[in-house]
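Heads up, the thing below is written out as structure tokens.
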Number of protein chains: 2
Amino acid sequence: MKVLTKNTDYAIRALLALAAKKGRYLSAKSIATENDIPYQFLRRLLQEMIRHDLIVSKEGVQGGFMMEKDPDTISVTQLIEIFQGKVQVSECMFRKQICGNRARCVLRHEIMRIEQVVQSEFEKVTIGKLLRDLAGAALKP
Amino acid sequence: MKVLTKNTDYAIRALLALAAKKGRYLSAKSIATENDIPYQFLRRLLQEMIRHDLIVSKEGVQGGFMMEKDPDTISVTQLIEIFQGKVQVSECMFRKQICGNRARCVLRHEIMRIEQVVQSEFEKVTIGKLLRDLAGAALKP
DNA sequence: TTAATTGATACTATATTAATATCAATTAAA
DNA sequence: TTTAATTGATATTAATATAGTATCAATTAA
Ligand code: FES
Ligand code: FES
């Protein structure tokens with residue numbers, strides 16, 4: 001069971017690169033080469049993130065992508081939702097015959113509780129936090 | 001992001017059917033039709049569960065599958081591991097260039113902590129618990 | 001004017017998940 | 001003893017999701 005797919009993984013790495021140089025434009029090319037991400041793949045991810053207002057861009061020479069917002073407002077949960085769809089355990093485990101009434105189903109609530117746990121754990125992990133962790137790790141010998 | 005795939009979902013339903021009639025043999029056919037599971041697909045899942053000693057079987061006429069063990073000893077975590085592989089967030093998010101030393105990487109530990117949370121939450125959900133929840137839900141009008 | 005860039009989108013490849021099919025071995029029952 | 005109902009083992013196909021590549025138009029700083 002793979003929790004983060006490549007696109008989420010790549011997106012996180014790209015955002016970290018942008019957050020580290022916050023306020024400056026970085027080209028897709030430089031982000032790709034420096035972080036081992038396939039160039040065209042990365043471009044699609046960046047464009048998707050623009051659509052979701054996580055980053056901004058400037059076309060043309062000297063253009064690129066830039067992080068404007070506070071990296072602490074971008075969580076892994078958001079990225080999972082963008083690239084892997086909303087966290088959901090199972091559409092509906094027992095439908096018609098066995099369960100009958102979704103509304104009151106204890107089991108369903110149980111399952112949804114876990115969804116919440118997963119989601120809130122990933123919400124705590126923001127790009128800002130990751131960046132600080134990374135800086136901290138770099139210091140140690 | 002889909003946490004439970006069809007095979008895990010189907011496996012859970014089949015185990016609930018078997019747990020509800022614990023000690024008796026149920027045929028794959030009856031489990032399939034009563035729970036809306038594709039017959040041949042289910043058979044493969046049942047055989048896989050036999051290999052993992054979750055259930056037993058008897059060949060021939062009047063044969064079938066049976067649950068011998070305590071349903072409380074079968075957790076959703078086990079089923080996820082069997083049918084979707086071990087819970088893992090991402091192989092390694094930042095490899096060589098950025099991180100360099102997996103062993104001490106703060107970030108990696110952060111991520112692994114979440115894996116633990118996910119896993120332990122699903123460990124609490126056993127077939128026994130689900131069965132009781134289901135029975136409880138059935139009582140209410 | 002041009003080269004470096006992003007925007008948009010189409011395409012291919014690979015892997016995973018889901019489903020079906022086949023035939024041999026077993027066994028209770030007719 | 002024959003037969004029908006079953007599981008065991010395994011091969012095959014179909015559908016979907018993930019990953020990666022390619023192309024060309026639009027923009028813009030130099
Ligand atoms: S799990 Fe879907 S209605 Fe109970
Ligand atoms: S995340 Fe892999 S070494 Fe840090």
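A note on names: the letters A, B, ... follow the listed sequences, proteins ahead of strands, and every chain is numbered from 1.
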Can you tell me which nucleotide in [options] comes closest to the side chain of [X]?
X	options	value
Ser57(B)	dG8(D), dA29(D), dT9(C)	dG8(D)
Glu59(A)	dT27(D), dT7(D), dA9(D)	dT27(D)
Arg43(A)	dT23(D), dA26(D), dT7(D)	dT23(D)

What is the distance, to the nearest angstrom, from the [atom1] atom on [X] to the [atom2] atom on [N]?
X	N	atom1	atom2	answer
Glu48(A)	dA19(D)	CD	P	14 Å
Ile50(B)	dT6(D)	CD1	C1'	12 Å
Arg51(A)	dG7(C)	CZ	P	9 Å
Leu18(A)	dT6(C)	CG	C1'	14 Å
Asp9(A)	dA19(D)	CG	P	9 Å
Leu45(A)	dA19(D)	CG	C1'	10 Å
Lys58(B)	dG8(D)	NZ	P	13 Å
Gln47(B)	dT10(D)	CD	P	9 Å

Check: Salt bridge or not for Asp9(B) and Lys2(B), using N-O below 4.0 Å?
Finding: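 No, Asp9(B) and Lys2(B) are not salt-bridged.
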Check: Does Lys22(B) pair with Asp70(B) as a salt bridge, N-O distance under 4.0 Å?
Finding: no
Next item on the list: Could you tell me whether Leu46(A) contacts a base, only the sugar-phosphate backbone, or nothing, with contacts defined as non-hydrogen atoms closer than 4.0 Å?
Entry: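 Nothing, no heavy atom under 4.0 Å.
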Notebook entry, point to check: What nucleic acid atoms does Lys29(A) come within less than 4.0 Å of, heavy atoms only: base, sugar-phosphate, or nothing?
Noted result: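 Since no nucleic acid heavy atom lies under 4.0 Å of Lys29(A), the category is nothing.
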Next item on the list: Could you tell me which nucleotide pairs with dA19(C) by Watson-Crick or G-U wobble geometry, both distances under 3.5 Å, or answer none if nothing does?
Entry: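 Result: dT12(D).
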Notebook entry, point to check: Across all strands, who's sitting opposite dT28(D) as a Watson-Crick or G-U wobble pair, both distances under 3.5 Å?
Noted result: dA3(C)
Note to self: Tell me whether the side-chain N/O atoms of Gln62(A) come closer than 4.0 Å to OP1 or OP2 in dA30(D).
What the structure shows: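 Indeed, a polar side-chain atom of Gln62(A) lies that close.
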Checklist line | Phosphate OP1/OP2 of dA5(D): any Ser27(B) side-chain N/O under 4.0 Å | finding: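 Negative; the distance criterion is not met.
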Next item on the list: Take nucleotides 12-19 of chain C nucleotide by nucleotide from the 5' end and write B, S or -, depending on whether a protein heavy atom sits under 4.0 Å from the base, only from the sugar-phosphate, or from neither.
Entry: ------SB
Notebook entry, point to check: Do Ile50(A) and Leu18(A) belong together in a cluster built from hydrophobic side chains that touch within less than 4.5 Å?
Noted result: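 Looking at the clustering, Leu18(A) is in the same group as Ile50(A).
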Item checked: With Asp72(B), the salt bridge (Lys or Arg N to Asp or Glu O under 4.0 Å) member among Arg132(B), Lys124(B), Lys129(B) -> Arg132(B)
Item checked: Test of ring centre spacing under 6.0 Å for Tyr10(A) and Phe41(A) ->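 For Tyr10(A) and Phe41(A), the ring centres are under 6.0 Å apart.
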Notebook entry, point to check: CD1/Ile12(B) to CD1/Ile80(B) distance, rounded to the nearest 0.5 angstrom?
Noted result: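 Between atom CD1 of Ile12(B) and atom CD1 of Ile80(B) there are 7.5 Å.
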Item checked: Pairwise distance CE(Met67(B)) to CD1(Ile74(B)) - rounded to 0.5 angstrom -> 4.0 Å
Next item on the list: For Val61(B) and for Tyr39(A), locate the closest nucleotide of DNA chain D by heavy-atom distance; then report the residue assigned to the nucleotide nearer the 5' terminus.
Entry: Val61(B)
Next item on the list: Could you check Gly60(B) against Gly64(A) and say which one's nearest nucleotide on DNA chain C is further toward the 5' end?
Entry: Gly64(A)
Next item on the list: Taking atom NZ of Lys29(A) as the centre, report whether more than 12 heavy atoms of other residues, nucleotides or ligands fall under 6.0 Å from it.
Entry: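 Atom NZ in Lys29(A) is not packed in, count stays at 12 or less.
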